[in-house]
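Presented below is the structure to which this report refers.
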Amino acid sequence: MRNPPTTGDHVAVASSRPPAGQGKVEDLAAGFGVTLQTIRRDLADLASAGQPQRVNGGAVLPSGTVNLAHEDRRALHREAKAAMARACAAMIPHKASVAINIGTSTEAAARELLHHSGLLVADQSKFQRAAPARIGTLAEVDTLLTDRAPAAPLAEACAGWGTAIRVCS
């Protein structure tokens, strides 16, 4: 197996940015003036080094997003999530009905609600599909709990709707 590419044509292939983040083997070979086999080998080397991902007939650039494990997502911004969760739970009375979506922030809120009594909880996280209906818009929300102040245009829109913004820390 060859070493991960770091010089020469490999770098040129890796640094090229084809339209829409993808390129065909034939187009890359023609653009670099090399054979199809050379491009395929270079793409395989680059893919093993975490560069473009090899796909049938070409390559695509990595998305830049990382799918973190649940425990890792839970650890991200732990203090901010806990502050929002405490504020949320403090606003919900005992014997209330609540709908909880999926996510580590709502999970933190659910943990805070364990101390409440008589709650009716609707949790849609068991369903493996998009929600069949939109519940509402931000204009219909009484209070937005967040870990940082929103941008001015959103803050102004919330003020116009009568939606309170509460920054939790």
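Sequence positions, counted from 1, serve as the residue numbers for this chain. Values reported hereafter were calculated over all heavy atoms of this structure, with side chains retained and with hydrogens, waters and symmetry mates removed.
- Here the CD-OG1 distance, from Glu71 to Thr104, works out to 10.0 Å after rounding to the nearest 0.5 Å.
- His116 contributes no side-chain N or O that, together with a main-chain N or O of Pro93, makes up a donor-acceptor pair within less than 3.5 Å.
- Between Leu36 and Glu26, some side-chain heavy-atom pair lies under the 4.5 Å cut-off.
- Between Thr163 atom OG1 and Glu140 atom CD the span is 9.0 Å, to the nearest 0.5 Å.
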Inset, instruction - Go through the steps to decide whether Ile165 and Thr146 satisfy the test side chain to side chain contact (heavy atoms under 4.5 Å, CB included), and finish with yes or no. - result: CA-CA 7 Å; Ile165 298 173; Thr146 181; 4.1 Å; yes

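- Looking at every heavy atom in both residues, Ala80 comes nearest to Asp147 through CB-CB, 3.5 Å.
- No side-chain heavy atom of Lys81 sits under 4.5 Å from any side-chain heavy atom of Arg78.
- Here the side chains of Leu113 and Leu119 are in contact, with some heavy-atom distance below 4.5 Å.
- Within the model, atoms OG of Ser105 and CZ of Arg73 stand 10.5 Å from one another, a figure rounded to the nearest 0.5 Å.
- Side-chain contact between Glu112 and Ile92 is absent, with no heavy-atom pair separated by less than 4.5 Å.
- A distance of 4.5 Å separates CZ of Arg41 from OG1 of Thr38, quoted to the nearest 0.5 Å.
- Between atom CG of residue Leu144 and atom SG of residue Cys158 there is a gap of 5.5 Å, rounded to the nearest 0.5 Å.
- Across His115 and His94, no two heavy atoms sit closer than the pair O-CE1, 3.7 Å.
- Side-chain contact between Met84 and Arg166: absent, with no pair of heavy atoms (C-beta onward) separated by less than 4.5 Å.
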